[in-house]
Amino acid sequence: MRRLTAVALAAALPAALAAEEEKPTNAVPLLAMGAYVPTDDMERSGAFYRTLFDSAPTIELPDFVAFDVAGGWFAIVSREKYAPGSESGSGAVPYLQSADLETLQKRAVAAGVAVPEIIEEPGIHLLKMTDPNGQPIEFFRLMGG
């Protein structure tokens, strides 16, 4: 299993190294942002995020599934292995920028999640939902002017 994880992570290494070389010397020493959410049901959560992101995972292991989202990884992980003792929905809330909240709303409904209406505030629109494992996730769209 460790060998499979190492091979999967090594596949992404050349792109990460190229990104590192392109950064100016005064930049924040980060290459990308990622987030993971623990789950008790990898299969159900994997199916939900495949539908929501309309893509196959970049890495798919039995207890770690990562999607390339805007140049960073959004992963679902086995709670038992990576976050023992944590409770559903008790960690940080992933907050992702989107150009099309309506499409995400439709995908979430297609994946079987009840999704409220898009919240329209001055300068920002928000779409808040809870994944099948009880993890809140939010999407936002900045509005012009």
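One is the number of the first residue; the rest follow in order along the sequence.
- Residue pairs meeting the salt bridge (Lys or Arg N to Asp or Glu O under 4.0 Å) criterion with at least one partner in residues 37-47, sequence neighbours excluded, are Asp40-Arg79.
- A heavy-atom distance below 4.5 Å is not found between the side chains of Gln135 and Thr39.
- Contact record, Ala32 with Gly72: CB-CA, 4.0 Å, taken as the closest heavy-atom pair.
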Atom pairs and distances, side-chain donor-acceptor, residues 101-115, under 3.5 Å, sequence neighbours left out:
| from | atom 1 | to | atom 2 | distance (Å) |
| --- | --- | --- | --- | --- |
| Thr103 | OG1 | Asp100 | OD1 | 3.2 |
| Thr103 | OG1 | Asp100 | OD2 | 2.5 |
| Gln105 | NE2 | Pro116 | O | 3.1 |
| Arg107 | NH1 | Leu52 | O | 3.1 |

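- Under the ring-ring contact (aromatic ring centres under 6.0 Å, His included) criterion, Phe74 pairs with Tyr49, Phe53, sequence neighbours left out.
- Partners of Tyr36 by ring-ring contact (aromatic ring centres under 6.0 Å, His included), not counting sequence neighbours: none found.
- In plain terms, the two heavy atoms of Pro94 and Pro136 that are nearest each other are CD-O, 3.4 Å.
- For Ser78, the side chain to side chain donor-acceptor pair (under 3.5 Å) criterion is met by no residue, not counting sequence neighbours.
- Closest approach of Asp63 and Met42 over heavy atoms only: C-CE, 3.6 Å.
- Atoms CG and OG, from Asn133 and Ser45 in turn, are 4.5 Å apart once rounded to the nearest 0.5 Å.
- Listed here is the closest heavy atom pair of Phe67 and Gly46: CZ-O, 4.2 Å.
- Remark: Asp131 CG to Ile137 CD1 distance equals 7.5 Å, nearest 0.5 Å.
- Within 6.0 Å of atom CD in Gln97, more than 12 heavy atoms from other residues, nucleotides or ligands are found, so the atom counts as buried in its surroundings.
- The distance from the CE atom of Met129 to the CZ atom of Phe139 is 5.0 Å, given to the nearest 0.5 Å.
- Partners of Leu126 according to the side-chain contact (heavy atoms from CB on, under 4.5 Å) rule, which considers only residues two or more places apart in sequence or in another chain, are Tyr95, Ile119, Ile124, Lys128, Phe140.
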